[in-house]
Amino acid sequence: MFTFVFIVTLVLFFMASVFSVLTIITDNEDHEITTKFLFPVAVVSFIILGIIRIFYSSENGIDSIASGIWGYFYLFSFTLILVILYLYFSKWKKQWKSFMIIMIPFITFILAISIPFINSPRKVIIELNNRLLENHVLPVHIFFTMLGELFFFLSFVGSILYLLMEWKLRKKTSMMLIYKLPNLETIERFNSWSIARSFTLLTIGVIIGMVMALWNYQTLFLGTAKEMHIYFSWAIILAIYIVRKMKKVVSRKVNLVNAILFIIIMFLFIFTNIYITKGFHGYK
Amino acid sequence: MKRNNGEEGDIPEIGLIGMNHKTAPVDIRERFSLSDEKITKYMSWLHSQGVKESVCVSTCNRVEIYFASNNIPETVEKIMSFLEEVSSMKREDFEKLLYKKYSKDAIAHTLVVASSLDSLVVGEDEILGQMKEAYRKACNEKRTGLILNRLFHHAFKTAKRVRTETEIARNPLSVAYIATELAMRVFEDISKRKALLIGAGEMGELILKYLTKYSISEIYIANRSFHNAERIADEINRNAHIVTLDDIKNISANVDIIISSVSVKNYIITPEIGKYAVKMKGDQPVFMIDISIPRSIDPSLNNMDNIFLYNVDDLQSIADENLKNRLREVELAKILVQSDVDDFYNWYEGLVVVPTIISIQKQFEDIRLNELSRYRRKRLKHLSDEDFRIIEDLTNQIMKKTLHNPIMYLRSFESKSEAEKKAMIEHVKIIEELFRKRA
């Protein structure tokens with residue numbers, strides 16, 4: 001049952017990805033209609049998948065989502081879906097179609113790389129006697145940190161769109177794609193907006209984390225991999241934020257660096273979570 | 001069945017007579033060109049001749065007279081006489097250049113023309129405006145009725161559908177317009193941008209006109225001749241700043257769009273000026289259009305960050321590509337138009353049952369009113385007005401409910417298949433016979 005729904009969900013997301021890309025590169029209105037139909041259907045299937053995992057599969061229980069290695073990918077995709085919905089109701093609704101061409105394939109990618117871990121018995125390592133786990137502020141710290149990372153993801157989406165649009169404008173052949181993407185300044189405004197929020201939210205998350213460490217362990221830095229990762233992300237986001245604020249470096253370069261650094265961070269984030277088994281959100 | 005028996009209350013037939021850029025050369029078309037005054041005069045005359053509905057569309061590419069008439073041969077004859085008079089040509093000299101379309105062909109033609117599929121530049125939006133204007137004038141003169149009102153509204157709706165559901169009108173073909181559109185793909189809000197026009201070339205002026213339409217905030221005009229620069233400023237924007245060619249370096253650091261249409265031996269915008277402009281503007285893009293031959297902006301600037309440079313060939317190749325895209329969309333547009341033609345034709349065909357419906361309703365109503373009046377005078381004269389009104393309402397309701405099913409059956413005509421329609425026409429004949437007034 002679970003495997004069947006998983007395959008259906010993945011196929012639906014894959015099809016939604018293909019059609020969302022086609023809405024931009026072809027002139028067929030049907031592709032947009034198909035995407036608008038397929039994406040909600042894929043989301044519904046995705047939610048059913050989570051329900052089956054929690055209540056009906058052999059790996060059942062809320063734990064299978066909250067601490068299982070596959071659940072980690074599920075929650076990550078779920079948050080990305082929430083971001084897509086948020087954008088639809090935000091001031092960026094006009095540009096929503098353009099964001100979808102990157103965000104839906106990205107979710108499909110995350111679901112695809114979760115395949116080897118569907119039946120993995122590995123669970124997240126929770127250090128015994130970790131006093132931070134008993135701290136009531138912990139959910140607030142996680143919330144702000146996750147939001148900070150998600151806004152960084154949005155700036156990645158914007159950077160890819162910028163590079164795509166700039167490439168098309170320089171290629172000077174057809175206006176087909178050019179018409180369907182937001183103009184360069186709008187994309188840049190979106191990127192600055194996302195990175196500013198990413199920096200602010202991550203800073204709040206980091207400060208809360210530091211205060212929690214200080215409160216429980218009388219030190220600001222415990223030297224764990226997750227701390228190093230978050231400081232690394234924070235430093236990169238800060239650097240991008242400053243460069244964008246200064247407006248001294250050309251946009252193409254800033255966006256290129258933004259996209260590359262996000263991929264590096266995501267790579268580290270996903271793969272260290274899976275393969276580092278101690279001190280980070282590791283899995284055994 | 002009542003259509004085209006020439007009787008009052010019959011459903012008129014749709015027709016049109018016209019010529020366009022495909023059927024007649026310009027020297028002939030201009031002889032048939034109709035001024036507003038002539039159109040008003042003609043429509044009034046045609047109306048007095050019994051043609052209740054007519055609309056005349058006269059543009060540089062076409063002259064078309066749309067009509068709805070109960071007597072097609074007579075109406076055509078009248079229009080031909082009118083065209084002879086207008087053009088001062090003999091009928092045999094221009095008749096072969098005309099097209100005459102009736103019924104479904106006329107409906108299809110109206111929708112095709114409004115959707116700009118029959119235009120010289122496919123997808124242009126001018127024809128829709130011209131048709132709307134012609135229709136508006138006909139309405140004002142009270143020269144339209146049920147058929148043409150519905151036909152033109154349907155055509156406008158189809159045209160809108162074609163524009164929104166296909167890409168036919170999305171890709172511009174004018175080089176000046178493409179340049180403006182490209183600028184708008186770089187900048188979010190043109191009204192906050194500044195432009196510099198170098199030279200007084202016609203194309204540059206046109207691009208600047210387009211930019212002015214989008215309320216560009218400031219304009220600088222640099223030209224060798226102060227007089228020409230002043231003329232452009234007068235035409236486009238009186239607040240434009242007129243500068244000399246020597247000021248270009250300084251001004252370029254202050255503007256976002258540079259349009260060059262000056263004829264010079266050496267590049268007037270060099271990489272040095274480009275670098276300076278980009279440096280002074282920080283991380284802001286500069287959009288450059290070089291429409292001069294020989295080129296006046298160094299092409300190597302195109303490789304510089306934050307500079308987007310387009311020359312005439314770039315713009316022309318986009319225009320060519322856009323034209324190909326438009327033509328590709330024509331097939332899709334034709335499918336949309338055909339489906340709308342079928343919708344309209346179904347409605348139009350359904351009108352054949354309208355006289356029958358009206359006739360049945362009228363007969364029932366006459367009977368009801370006669371009987372009520374008779375009873376009021378004799379057996380119901382003791383009733384108060386209020387009570388009698390209740391009886392009136394009662395009989396009205398009984399009549400409506402009795403007729404509801406037969407009328408719904410007749411009204412379902414337009415949604416039937418061809419075979420069902422044929423069978424239904426026989427039924428309608430029987431119904432007409434049943435309710436025919438006999439002496």
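Residue numbers start from 1 in every chain, and the chains themselves are labelled A, B, ... in the order their sequence lines are given, proteins ahead of strands.
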**Study point:** Neighbour count >12 (heavy atoms, 6.0 Å) for atom OH, Y231(A)
**Key:** yes
Practice item. Examine whether an atom of L181(A) lies under 4.5 Å from a heavy atom of chain B, and if so say whether it belongs to the side chain, the backbone or both; otherwise answer neither. Key: backbone
Check your understanding: Quick one: of L315(B), V186(B), N306(B), who has the most non-hydrogen atom pairs under 4.5 Å with chain A?
Key -> V186(B)
Review point. Within a radius of less than 6.0 Å around CD of Q338(B), do more than 12 heavy atoms belonging to other residues, nucleotides or ligands occur?
Key: yes
For residues 8-17 of chain A, tabulate all N or O donor-acceptor pairs below 3.5 Å that involve a side-chain atom, not counting sequence neighbours.
| unit_1 | atom_1 | unit_2 | atom_2 | d |
| --- | --- | --- | --- | --- |
| T9(A) | OG1 | V5(A) | O | 2.6 |
| T9(A) | OG1 | S45(A) | OG | 2.7 |
| S17(A) | OG | F13(A) | O | 2.7 |
| S17(A) | OG | T108(A) | OG1 | 2.7 |

Check your understanding: Side chain, backbone, both or neither: which part of V249(A) has an atom under 4.5 Å from a heavy atom of chain B?
Key -> backbone
Review point. Side chain, backbone, both or neither: which part of M165(A) has an atom under 4.5 Å from a heavy atom of chain B?
Key: side chain
Review point. What's the spacing between F308(B) CZ and R170(A) CZ if we round to 0.5 Å?
Key: 4.5 Å
Point to revise | Interchain contact, R189(A) with chain B, by part (heavy-atom threshold 4.5 Å) | key: side chain
**Study point:** Atom NZ of K97(A): over 12 foreign heavy atoms under 6.0 Å
**Key:** yes
Study note, to complete from the structure: dist R185(B):CZ -> E185(A):CD (nearest 0.5 Å) comes out at 11.5 Å
Exercise for review: Sort I168(B) into side chain, backbone, both or neither according to what part of it lies under 4.5 angstrom from a heavy atom of chain A.
Suggested key: neither
Practice item. Flag yes if more than 12 heavy atoms outside K91(A) fall under 6.0 Å of its NZ atom; otherwise flag no. Key: yes
Point to revise | Heavy-atom side-chain contact between E188(B) and L184(A) under 4.5 Å | key: no
Review point. Does atom OH of Y177(B) have more than 12 heavy-atom neighbours, drawn from other residues, nucleotides or ligands, at distances under 6.0 Å?
Key: no
Review point. Chain A heavy atoms under 4.5 Å from D189(B): which part of the residue, side chain, backbone, both or neither?
Key: backbone
Review point. Considering only heavy atoms from C-beta outward, does the side chain of K253(A) approach that of D305(B) to under 4.5 Å?
Key: yes
Review point. Do other residues, nucleotides or ligands put more than 12 heavy atoms under 6.0 Å from F78(A) CZ?
Key: no
Check your understanding: For the atom pair CG (D313(B)) and NZ (K172(A)), what is the distance rounded to the nearest 0.5 Å?
Key -> 10.5 Å
Check your understanding: Would the number of heavy atoms belonging to other residues, nucleotides or ligands and lying under 6.0 Å from NZ of K36(A) be above 12?
Key -> no
**Study point:** Distance (rounded to the nearest 0.5 Å) between L182(B) CG and N183(A) CG
**Key:** 12.0 Å
